[in-house]
Amino acid sequence: AMSMMTEQEAAAHRQHIRWLEGDERPTALKISDALRAFVDRTGSLASWLFVPLIVVTVFDVTARKLVWIQIWLVENFGRIFESTLLQELEWHFHTALFTLVLGYGFIYNSHVRVDLVRENLDFRKKAWLEFLGLTFFMIPYCLIVIWFAWTYAYDSYVINEISASQVGLSHRWIIKSVLVAGLIVALLSGIAVWLQTVILIWGPK
């Protein structure tokens with residue numbers, strides 16, 4: 001196959017092999033890969049939150065139908081089995097799951113796209129569209145929301161915020177901090193893909 005290539009194509013092929021072996025890959029690509037690996041690990045671990053989410057939801061629904069079981073559990077094991085606490089745990093798990101896998105979905109391009117124009121563009125134009133979208137929309141938006149979410153979580157910690165319900169969960173700052181963490185992971189995924197688009201548009205062929 002190499003003998004059928006032009007000299008330029010053979011040089012490009014050798015460069016590609018060196019990149020795969022990690023010798024001469026651009027620094028931007030190495031950083032992108034490191035960010036992607038972190039986002040990937042975070043998303044993979046966070047996806048397991050669906051297990052406690054399902055368990056708590058199923059238990060809550062069942063206990064509300066069989067009230068005597070719930071009463072017995074509360075009397076013998078504590079108020080963690082009360083319906084209000086269980087319902088708040090449900091949305092805590094759901095929030096953590098949804099937030100921490102945002103970046104994971106983005107790096108694998110599995111997020112929802114409603115884009116009639118993009119589908120008809122060639123690959124390089126898609127890369128340009130992705131670059132512009134990340135530069136002017138996703139990354140700035142994530143930075144702004146992280147700032148406000150951080151303030152939101154910090155204020156919650158300072159005042160030791162608890163549930164609006166008298167029998168709800170305490171330490172509301174924990175779930176609000178998870179929101180900040182998930183947004184940071186989403187930002188890192190955006191930076192990783194942004195670096196890839198930079199290499200695609202301006203890097204070696």
Side-chain angles (χ1 to χ4, degrees), residues 32 34-67 69-70 73-74 77-115 130 133-134 136-194:
S32 174
L35 292 175
R36 283 176 64 95
F38 174 76
V39 173
D40 193 356
R41 283 194 298 272
T42 303
S44 297
L45 290 172
S47 66
W48 283 97
L49 287 170
F50 82 92
V51 175
L53 172 61
I54 291 171
V55 170
V56 171
T57 304
V58 170
F59 176 81
D60 182 36
V61 172
T62 305
R64 273 185 278 167
K65 299 297 181 183
L66 304 172
V67 182
I69 293 179
Q70 190 167 30
L73 287 169
V74 171
F77 296 99
R79 56 185 297 266
I80 189 63
F81 292 100
E82 290 179 357
S83 187
T84 302
L85 284 174
L86 292 173
Q87 288 174 47
E88 291 195 1
L89 272 176
E90 287 168 30
W91 71 258
H92 276 57
F93 281 129
H94 184 269
T95 300
L97 171 63
F98 176 79
T99 306
L100 293 171
V101 300
L102 280 173
Y104 182 82
F106 185 70
I107 62 170
Y108 284 104
N109 201 32
S110 59
H111 56 297
V112 175
R113 286 186 183 272
V114 183
D115 192 345
E130 199 77 11
L134 287 163
F136 297 107
F137 295 99
M138 181 182 175
I139 292 175
Y141 178 79
C142 281
L143 288 169
I144 293 168
V145 178
I146 287 167
W147 170 256
F148 284 105
W150 166 255
T151 304
Y152 189 54
Y154 178 74
D155 290 346
S156 178
Y157 174 77
V158 168
I159 65 174
N160 195 25
E161 183 184 6
I162 61 172
S163 169
S165 171
Q166 294 296 320
V167 291
L169 291 169
S170 59
H171 302 90
R172 184 58 63 82
W173 62 271
I174 295 175
I175 190 60
K176 292 183 176 182
S177 299
V178 171
L179 178 64
V180 177
L183 289 166
I184 290 172
V185 174
L187 172 65
L188 294 179
S189 73
I191 293 171
V193 176
W194 184 85

Taking side-chain contact (heavy atoms from CB on, under 4.5 Å) as the test, write out the residues that go with V56, two or more places apart.
L86, L89, E90, F93
Under 3.5 Å donor-acceptor, S170 side chain and I162 backbone:
no
What's the shortest heavy-atom distance between I175 and A96, and which atoms?
CD1-N, 4.3 Å
Could you state the interatomic distance from CG (L183) to OG1 (T99), rounded to the nearest 0.5 Å?
6.5 Å
Check: Y152 and V180 side chains under 4.5 Å, non-hydrogen atoms:
no
In sequence, state the C-alpha distance, the side-chain angles, and the governing distance for L102 and V185, and then conclude on side-chain contact (heavy atoms from CB on, under 4.5 Å).
CA-CA 8 Å; L102 280 173; V185 174; over 6 Å; no
In chain order, what residues pass the ring pair (Phe, Tyr, Trp, His ring centres under 6.0 Å) check against Y157, with sequence neighbours excluded?
W173
Compare all side-chain heavy atoms of W147 with those of L143 and state whether any distance is below 4.5 angstrom.
no
Would you check if S189 and Y104 make a side-chain contact, meaning some heavy-atom pair closer than 4.5 Å?
no
Any non-hydrogen side-chain atom of L49 less than 4.5 Å from a side-chain atom of L53?
no
Could you tell me which non-hydrogen atom of F106 sits nearest to which non-hydrogen atom of V193, and how far apart they are?
CE2-CG2, 3.6 Å
Any donor-acceptor pair under 3.5 Å linking the side chain of R172 with the backbone of S156?
no
Distance, nearest 0.5 Å, that separates CD of E161 from CD1 of I174
12.0 Å
Please name the pair of heavy atoms, one in A186 and one in M138, separated by the smallest distance, quoted to 0.1 Å.
O-CE, 3.2 Å
Compare every heavy atom of D40 with every heavy atom of I107, then report the nearest pair and how far apart it is.
CD1-N, 4.1 Å
